[in-house]
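Written out below as structure tokens is the structure these notes cover.
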2 protein chains.
Amino acid sequence: MSIPVSSHLVSLRSATLSEDIAQQLSSAIVKGDIPQGSKISEPELAKQYGVSRGPLREAIVKLEGLGLVTRTANVGARVIQLNLQDMLDTFTMREALEGMAARLAADTMPASEVNNLYDLLDKHQAHLDDNQDEHYLQQGGNDDFHLRIIHASQNAKLIRLLTEELYSVIRMYRRHTADQRSDPRQALREHRAILDAIANHEGDLAELLMRRHISRASQLLKQAMEHSERASH
Amino acid sequence: MSIPVSSHLVSLRSATLSEDIAQQLSSAIVKGDIPQGSKISEPELAKQYGVSRGPLREAIVKLEGLGLVTRTANVGARVIQLNLQDMLDTFTMREALEGMAARLAADTMPASEVNNLYDLLDKHQAHLDDNQDEHYLQQGGNDDFHLRIIHASQNAKLIRLLTEELYSVIRMYRRHTADQRSDPRQALREHRAILDAIANHEGDLAELLMRRHISRASQLLKQAMEHSERASH
DNA sequence: AAATCCAATATTGTCGACAATCTAACTTGA
DNA sequence: TCAAGTTAGATTGTCGACAATATTGGATTT
């Protein structure tokens, strides 16, 4: 079985092969190019990427640490298979951590960044008004409201955990269950309320609103996945 | 320079060398046998453990994922050097996550486990009354109240993150700053209050109390470390 | 025909060696 | 004397090969 991989290390920019492979593999898994639950064959991938098994194995170990693959001794690695419970657990952690991030942001975010974020939300608003497609369009770029709040927390460990570990899993699931929030305008309103609280330095309120916001998304996810599971039976 | 390591793989029980090395290295770092900030020399450690560099490198990559070492390409790995900010950041995450764990535990903990925990706290009380040493004695074993709450959350991802990633760093710092909570009886009282809230299925309260409890520990840590830093200048 | 056992094959785990890069000591020049 | 440049040494990154384990397929027995 030939997995559709972009190509043989088109351009390697990292200092080490292992890092490059890790990045490309991670991207391939998150994008869904390597499907969930599929086996990671070392000889096959080594040939596809044109490297030896050494750095490839290091990359796989790294991905295991990020929670994208699971390994069993003498058997090998498989891409994780997301189920509803895993996603709900992840959202519960997001609720706790991003709630805390919002609280911290309310303490420390400079007025300039607050203004930038208001502009960003205006941009999102305009996008919603223009396009009819009901996509909120915040696929993890620098325009993602949540990422901006997370970075505003200035807690390095929290930032790393959320952006590098949790969010890769979340993006992964988004590919497979074409969720896309059912009501993007509601989400935008909630974002505004959170930002208002931050602008007023109301940490308690900011945390409460962020948690409610994520909890709501979690509920929607649960309904969507239960529905799709029911449909497939 | 010869690092004091227990010995050459006295008994390997894991299926793979790499896992064994990772476990032994992790333990050595947390215990302080390999001091903070020191360089991880691959040839040296490979000889000490009696393995080749292959599995050793995989172990180092794993430790990097756990946040115990940092690596720079073509230079090597160093044991992390904990500073006050890192510890405060870690405690902030604990506050968010263990607060959430307490909330979840209040929902789902069975009455039997609640009773077990009351017994555990009684045991801690007796220990404090007997021994004069002001050690609360909860060094991460099964008698650790916090670990029991964390597991009661039944959130697999949260459990893994707290027990495998955050707590190793916390134990590591405990070795180096001989902190040991200044008032263990106060801590025990707080534990009782948290457990009461859980027993009554008051999730909001359990979360609030747990967060306050950890926040207080964080304050004590901050004072202690600032004091010790001032003393060393 | 189904289940068990066994051999052949493929895959993972480990090793030693080579290439690329960094580090440290020495030399050279101002 | 100090700084920059250079060279020798050591360390990390990568590779191909071998050993150990798991998987697959067929043969054998009931």
Side-chain angles (χ1 to χ4, degrees), chain A residues 1-3 5 7-26 28-29 34-35 37-65 68-80, chain B residues 1-3 5 7-26 28-29 34-35 37-65 68-80:
Chain A
M1 166 183 128
S2 150
I3 295 171
V5 165
S7 96
H8 304 210
L9 284 198
V10 265
S11 64
L12 61 136
R13 48 191 76 72
S14 302
T16 166
L17 275 185
S18 167
E19 287 177 39
D20 266 311
I21 306 291
Q23 209 144 350
Q24 300 210 26
L25 257 185
S26 162
I29 290 174
I34 305 179
S38 64
K39 184 156 190 327
I40 303 281
S41 162
E42 294 183 7
E44 184 179 331
L45 279 187
K47 201 162 64 176
Q48 286 199 3
Y49 285 119
V51 300
S52 87
R53 284 175 49 222
L56 176 62
R57 281 176 63 89
E58 292 185 12
I60 293 176
V61 171
K62 202 173 297 188
L63 292 198
E64 187 189 19
L68 291 179
V69 306
T70 59
R71 295 201 320 155
T72 30
N74 294 315
V75 173
R78 304 195 86 90
V79 178
I80 57 166
Chain B
M1 166 183 131
S2 151
I3 295 173
V5 165
S7 98
H8 306 208
L9 283 200
V10 265
S11 64
L12 59 135
R13 49 192 74 73
S14 302
T16 165
L17 276 185
S18 167
E19 287 177 39
D20 266 313
I21 306 291
Q23 209 144 348
Q24 300 211 26
L25 257 185
S26 163
I29 290 175
I34 305 179
S38 62
K39 184 156 190 329
I40 302 281
S41 162
E42 293 182 8
E44 185 180 331
L45 278 187
K47 200 161 64 177
Q48 285 199 4
Y49 285 118
V51 300
S52 87
R53 284 176 49 223
L56 175 63
R57 281 176 63 88
E58 292 184 11
I60 293 176
V61 171
K62 203 174 294 187
L63 292 197
E64 187 188 20
L68 291 179
V69 306
T70 59
R71 294 201 320 155
T72 30
N74 293 315
V75 172
R78 304 195 85 90
V79 178
I80 56 165

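Note that these values count all heavy atoms, side chains included, but never hydrogens, waters or copies made by symmetry. Per chain, numbering begins at 1; letters A, B, ... match sequence-line order.
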Can you tell me which nucleotide in [options] comes closest to the side chain of [X]?
X       : options                : value
B:Val51 : D:dC15, C:dC22, C:dC15 : C:dC15
A:Asn74 : C:dG13, D:dT12, C:dT14 : C:dG13
B:Arg71 : D:dG13, C:dT12, C:dC15 : D:dG13
B:Pro55 : D:dC15, C:dT11, C:dC15 : C:dC15
A:Thr16 : D:dT14, C:dT14, C:dG13 : D:dT14

Distance check needed: [N] [atom2] versus [X] [atom1], whole Å only.
X       : N      : atom1 : atom2 : value
B:Glu42 : C:dG16 : CD    : C1'   : 14 Å
A:Tyr49 : D:dG13 : OH    : P     : 21 Å
A:Arg78 : C:dT12 : CZ    : C1'   : 14 Å
B:Glu58 : D:dT12 : CD    : P     : 16 Å
A:Leu56 : C:dT11 : CG    : P     : 13 Å
B:Arg57 : D:dT12 : CZ    : P     : 8 Å
B:Lys47 : C:dT14 : NZ    : P     : 21 Å
B:Leu17 : C:dT12 : CG    : P     : 17 Å

Query raised in the report: Start at the 5' end of DNA chain D and walk down; is the nucleotide closest to A:Val75 or to A:Arg53 reached first?
Result: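 The residue mapped nearer the 5' terminus is A:Arg53.
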Query raised in the report: For A:Gln23, does the CD atom have more than 12 heavy-atom neighbours from other residues, nucleotides or ligands under 6.0 Å away?
Result: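 Incorrect, the count does not exceed 12.
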Query - Flag if over 12 foreign heavy atoms under 6.0 Å of CD, A:Glu64 - result: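 Yes, enclosed.
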Query raised in the report: Hey, does B:Ala15 reach any base, or is it just sugar-phosphate, or nothing, if we go heavy atoms under 4.0 Å?
Result: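 Nothing: the residue B:Ala15, judged by heavy atoms under 4.0 Å, touches no strand.
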Report task. Give one of base, sugar-phosphate or nothing for A:Ile40, where a contact means two heavy atoms less than 4.0 Å apart. Result ->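 Sugar-phosphate: the residue A:Ile40, judged by heavy atoms under 4.0 Å, touches backbone atoms but no base.
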Report summary line: Minimal heavy-atom distance between A:Glu58 and B:Val61, with the atoms involved, is O-CG1, 3.8 Å
**Report entry** Nearest non-hydrogen partners of A:Leu63 and A:Ala22, listed with the distance
**Finding:**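 So the two residues come closest at CD2-O, 3.8 Å.
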**Report entry** Between CD on residue A:Gln24 and CD1 on residue A:Ile29, distance to nearest 0.5 Å
**Finding:**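 The CD1 atom of A:Ile29 is 12.0 Å from CD of A:Gln24, to the nearest 0.5 Å.
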